[in-house]
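Comments concern the structure below.
Please read all numbers here as calculations on a predicted model, not as lab measurements. In what follows, chains carry the letters A, B, and so on, assigned in the order in which the sequence lines appear, proteins first and then strands, with residues in each chain numbered from 1.
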Amino acid sequence: MILHRKMIPLVTSKHLRETMRASQYLITTKKDSPADAEVISHKLMLRAGMIRKVASGLYSWMPLGLRVFRKVESIVREEMDRSGALEMLMPVVQPADLWAESGRWGQFGPELLRIKDRHDREFCLGPTHEEVITDIIRNEISSYKQLPANFYQIQTKFRDERRPRFGVMRTREFCMKDAYSFHSNAASLQETYDIMHATYSTIFERAGLIFRAVLADTGSIGGSHSHEFHVLAESGEDAIVFSSEGDYAANIEKAAALAPEGAAPSPQLELTEIATPGVHTIADLCQFLDVEPAETLKSLIISAEDDSGKTQLYGLMLRGDHELNEVKAQEVLGLTSKISFATEKQIKEALKCSPGSIGPTNLGLPLVVDSSAAVLSDFACGANHDGYHFTGANWQRDTGDYMVADIRNVVAGDASPDGRGILEIKRGIEVGHIFQLGTKYSEAMNATVLDENGKQQFMSMGCYGIGVSRIVAAAIEQNNDENGIIWPESIAPFQVAIVPINMHKSDSVKQTCETLYTQLTESGYEVLFMDEAKARLGGMLADVELIGIPHRIVVGDRGLEAGTLEYRHRRDSENQHIALNDIVNFIKEHAFKNS
RNA sequence: CGGGGCGUAGCGCAGCCUGGUAGCGCACUACACUGGGGGUGUAGUGGUCGCAGGUUCAAAUCCUGCCGUCCCGACCA
């Protein structure tokens, strides 16, 4: 790009680009969506010309898309400011030393993009900013009197995702609002946490999203108490769980499965080994024995590093119809490192049999039994002997010592942990996450203040994230039809579109449009004027609908002869005829004004 | 990282099996007609067929390796 070296002598308004005229804008809509787009928001964002891919997980925001992005950003900024948080801006590139201090340089894994500068010093691209902010605050704040304090930024993050997907929904480079609060006591942290909870709710409401706050696992960020904010959508990557009667809502990672009441019935059958050639899965076994999955036992072998860094295998036992919850299992086993399924090779070496024939009898590994599986009796399971299974297996009589715990994912229909109704499962897109970190980072990085008694104490911390770019995609997932996007008014790139018919032939159409454009613009609306002289009606309407502009005014000679214009909301299927003199007031009554 | 698919014009695709001329639709340019829901016609622009080797007189096509990319599984705003 060449910068103009000469001063431009005089710029009159006539020469300024009128950026809301289609003829001066860049509208790059497409009929076909690129073959690699899978979810609706990705397809529509590409078709509407909002974003363009640069590489996997890296997107450019085109002028149209950026307008929406900025709207979301403004809502987030306004509400954060209103909450009392202070905006600042930290660097994307962060020194390795800080990450070494918190211990995360080693923990974070390949998601952290590590780079070296010309002096061979190590840095990373910031995936989050706990280290940087804690470093700043430990130097800047030294008294409890300066607390609580909450700082935020809206900034580009980089996470080298193993699998970027769904367009702007899961990218490697993305925009996040991240906030970090500091406190001298737990009550103060809880107070700010509650304020952030309320602030987030306001933000997502203002953005026109249907969302739910749910209990969440804290993951690699660490900390204790945590909520996620999910936009409800079929394409969501997370399963979220609701109580049918009460307020309980949680991510499935976190949702507790209540232990069944009572103990396992006494054994009735003898333990019998039977040949089960070709039976490897629960489905195979059920068909072979003609039993239900809930009468069988699913045996999983997982592999994890213990505290000394040694790889250890564990046997996890679930009812045949249940699925392992890895977060719970990791917690139950008291492991700090992530667990993974043992490979076929590991299993064969340790157990001398294949994954399809494992069972709890004489397994020789630490055993955790899910509480639903622990009340089974006379069940079918693998015999730890290739090609054989047991029937009539029973706990204690046929197994060694084991631990009983909740290690499964809840399923729809389970009793709600709050005792009110049953659980339902829906899909959600995580757009926000708030955590109470406690003193995890302040202890690691020695961030202290003096308290009332002049004693040093570690600050408590909270952190609060919102995926700004992800909100744009989530809004589309929730608001679209076969013709394209239907923007919530508060984040629409333009509120109103003016579509002329045969403007190049009709002075009255042209004049009416120009006047209307000026009036609406001066009234504070963002108006997209489809002013290209020879554009065809069909194409313009298709574009306006694809782009998702909420209010559309069509101006044609036919209407003008009767003194009317045609108005249609993006969600309507019929036109309304509005008198020419009333149209500005009509828009004022019906359209959202951005400023 | 494991499993699978795909790389041919800006986008969507055909051609590959059976080696020999690179093709279609959309978009784009020009002109004409048309003009109330992606119109019609004529004439055009645009591709080292992902990259590198190999086989062959000859490779988009066959072989090998690499790269990119997407989807499905384990992570996260």
Side-chain angles (χ1 to χ4, degrees), chain A residues 28-39 42-43 46-47 49 52-58 76 108-112 127-128 154-179 200 216-221 226 228-231 237-238 251 253 302-303 324 326-327 330 338-341 343-344 428-435 463-474 483 499-506 509 533-546 552 554-559 566 568 575:
Chain A
T28 52
T29 53
K30 291 187 188 307
K31 285 185 196 173
D32 297 318
S33 47
D36 51 16
E38 193 69 17
V39 298
H42 188 197
K43 285 181 185 168
L46 289 168
R47 283 189 54 206
R52 290 292 178 243
K53 187 173 74 176
V54 175
S56 175
L58 302 173
V76 171
F108 219 86
E111 210 170 79
L112 186 65
T128 174
I154 298 175
Q155 189 235 25
T156 300
K157 297 282 183 276
F158 194 94
R159 295 183 187 176
D160 202 355
E161 293 279 350
R162 18 163 84 86
R163 186 147 91 83
R165 58 181 150 176
F166 302 155
V168 110
M169 194 89 83
R170 175 174 300 282
T171 50
R172 294 192 291 175
E173 186 178 301
F174 63 101
C175 179
M176 173 164 144
K177 185 286 299 172
D178 48 326
Y200 275 33
D217 177 59
T218 49
S220 68
I221 304 284
S226 167
E228 288 169 350
F229 288 78
H230 283 267
V231 167
E237 294 184 83
D238 287 274
N251 191 301
E253 289 177 349
I302 58 114
S303 162
L324 178 67
E326 294 182 37
V327 171
Q330 184 182 333
K338 253 177 45 196
I339 65 172
S340 57
F341 286 106
T343 61
E344 191 160 342
I429 300 165
E430 185 187 356
V431 290
H433 200 162
I434 58 179
F435 301 79
C463 82
Y464 318 93
I466 287 183
V468 175
S469 34
R470 185 179 282 181
I471 286 178
V472 177
N483 294 323
V499 180
I501 298 170
N502 291 332
M503 189 166 70
H504 63 297
K505 282 191 179 172
S506 164
V509 167
K534 288 195 168 181
R536 304 186 71 86
L537 179 65
M540 288 190 285
L541 295 178
D543 278 351
V544 165
E545 283 167 2
L546 175 59
R552 172 181 105 187
V554 175
V555 182
D557 274 325
R558 246 179 245 176
E566 289 153 32
R568 183 138 135 196
N575 288 331

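Taking atom CG of residue A:Asp160 and atom P of nucleotide B:C75, one finds them 17 Å apart after rounding to whole Å. Atom P of nucleotide B:C75 and atom CD of A:Glu237 are separated by 12 Å, given to the nearest angstrom. B:C76 atom C1' lies 14 Å from atom CZ of A:Phe158, rounded to whole Å. Following rounding to the nearest Å, A:Glu326 (CD) and B:G73 (C1') show an atom-to-atom distance of 10 Å. If you take CG of A:Leu46 and C1' of B:G10, they are 13 Å apart, rounded to a whole angstrom. Across the protein-nucleic acid pair, A:Glu161 atom CD and B:G73 atom C1' stand 15 Å apart, rounded to whole Å. Spacing between atom NZ of A:Lys30 and atom C1' of B:G25 amounts to 14 Å, rounded to whole angstrom units. In this entry the distance linking CZ of A:Arg162 with P of B:C76 reads 9 Å, nearest Å.
Among the protein residues, A:Thr28 comes within range of no part of the nucleic acid, since none of its heavy atoms lies under 4.0 Å from any strand. Residue A:Gly538 is in sugar-phosphate contact alone, with no base atom involved, counting any heavy-atom pair closer than 4.0 Å across all strands shown. Within the 4.0 angstrom heavy-atom criterion, no nucleotide atom of any strand lies near A:Asp178. Using a 4.0 Å heavy-atom cutoff across all strands shown, A:Thr171 reaches at least one base atom of the nucleic acid. Across all strands shown, A:His504 has heavy atoms under 4.0 Å from base atoms, whether or not it also approaches the sugar-phosphate. Across all strands, A:Gly432 comes closer than 4.0 Å only to sugar-phosphate atoms, never to a base (heavy-atom distances). Using a 4.0 Å heavy-atom cutoff across all strands shown, A:Met169 reaches at least one base atom of the nucleic acid.
Donor-acceptor pairing under 3.5 Å, judged by distance alone, is present between the side chain of A:Arg536 and the base of B:G39. For A:Lys505 against B:G35, a side-chain-to-base donor-acceptor contact under 3.5 Å is present. Looking at A:Glu545, its side chain comes within 3.5 Å of the base of B:G37 through a donor and an acceptor atom.
Screening A:Val544, A:Asn575, A:Leu541 for a side chain to side chain contact (heavy atoms under 4.5 Å, CB included) with A:Val554, the sole residue that qualifies is A:Leu541.
Salt-bridge check for A:Asp32 with A:Arg47: failed, with every basic side-chain N at 4.0 Å or more from each acidic carboxylate O. Salt-bridge check for A:Arg170 with A:Glu237: passed, with a basic side-chain N closer than 4.0 Å to an acidic carboxylate O. A salt bridge links A:Arg552 with A:Glu545: at least one charged nitrogen is closer than 4.0 Å to a carboxylate oxygen.
In this structure, A:Phe341 does not pack face-to-face on the six-membered ring of B:A74, missing the 5.5 Å centre cutoff or the 30° plane limit.
Under the Watson-Crick and G-U wobble criteria, each requiring two contacts below 3.5 Å, nucleotide B:G19 is left unpaired. Pairing of B:C62, defined by two Watson-Crick or G-U wobble distances under 3.5 Å, is identified with B:G54. Base-pair partner of B:A43: B:U29 (Watson-Crick or G-U wobble, both distances under 3.5 Å). Searching all strands for a Watson-Crick or G-U wobble partner of B:G7 with both distances below 3.5 Å returns B:C67. With both pairing distances under 3.5 Å, B:C49 is matched to nothing as a Watson-Crick or G-U wobble pair. When both pairing distances are held under 3.5 Å, B:A74 makes no Watson-Crick or G-U pair with any nucleotide shown. B:G36 makes up no base pair with any nucleotide shown, lacking Watson-Crick or G-U wobble contacts both under 3.5 Å. When both pairing distances are held under 3.5 Å, B:G12 makes a Watson-Crick or G-U pair with B:C24.
Considering only the side chain of A:Asp32, B:G12 comes nearest among B:G12, B:G37, B:A77. Side-chain proximity of A:Val554 to the nucleotides B:G36, B:G37, B:C11 is greatest for B:G36. Between B:C1, B:G37, B:G10, one nucleotide has an atom nearer to the side chain of A:Leu537 than all others, and that is B:G37. The side chain of A:Glu566 has B:G36 as its nearest neighbour among B:G37, B:A77, B:G36.
Applying the side-chain hydrogen bond (donor to acceptor under 3.5 Å, both in side chains) criterion to A:Gln155, with sequence neighbours excluded, gives A:His129, A:Lys157.
Separation of the P atoms belonging to B:G15 and B:C67 is 28 Å when rounded to the nearest angstrom.
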Provide a list of protein-nucleic acid N or O atom pairs under 3.5 angstrom, restricted to nucleotides 29-32 of chain B.
none

Check nucleotides 67-72 of chain B against the protein and report each pair of N or O atoms closer than 3.5 Å, with its distance, or say if there are none.
from: B:U69; atom 1: OP1; to: A:Ser56; atom 2: N; distance (Å): 3.0
from: B:U69; atom 1: O3'; to: A:Lys53; atom 2: NZ; distance (Å): 3.1
from: B:C70; atom 1: OP2; to: A:Ser56; atom 2: OG; distance (Å): 2.9
from: B:C72; atom 1: OP2; to: A:Arg163; atom 2: NH1; distance (Å): 2.9
from: B:C72; atom 1: OP2; to: A:Arg163; atom 2: NH2; distance (Å): 2.7

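Comparing A:Val431 and A:Asn483 along RNA chain B, the residue whose closest nucleotide (by nearest heavy atom) sits nearer the 5' end is A:Asn483. Mapping A:Asn251 and A:Arg47 onto RNA chain B by nearest heavy atom places A:Arg47 at the nucleotide closer to the 5' end.
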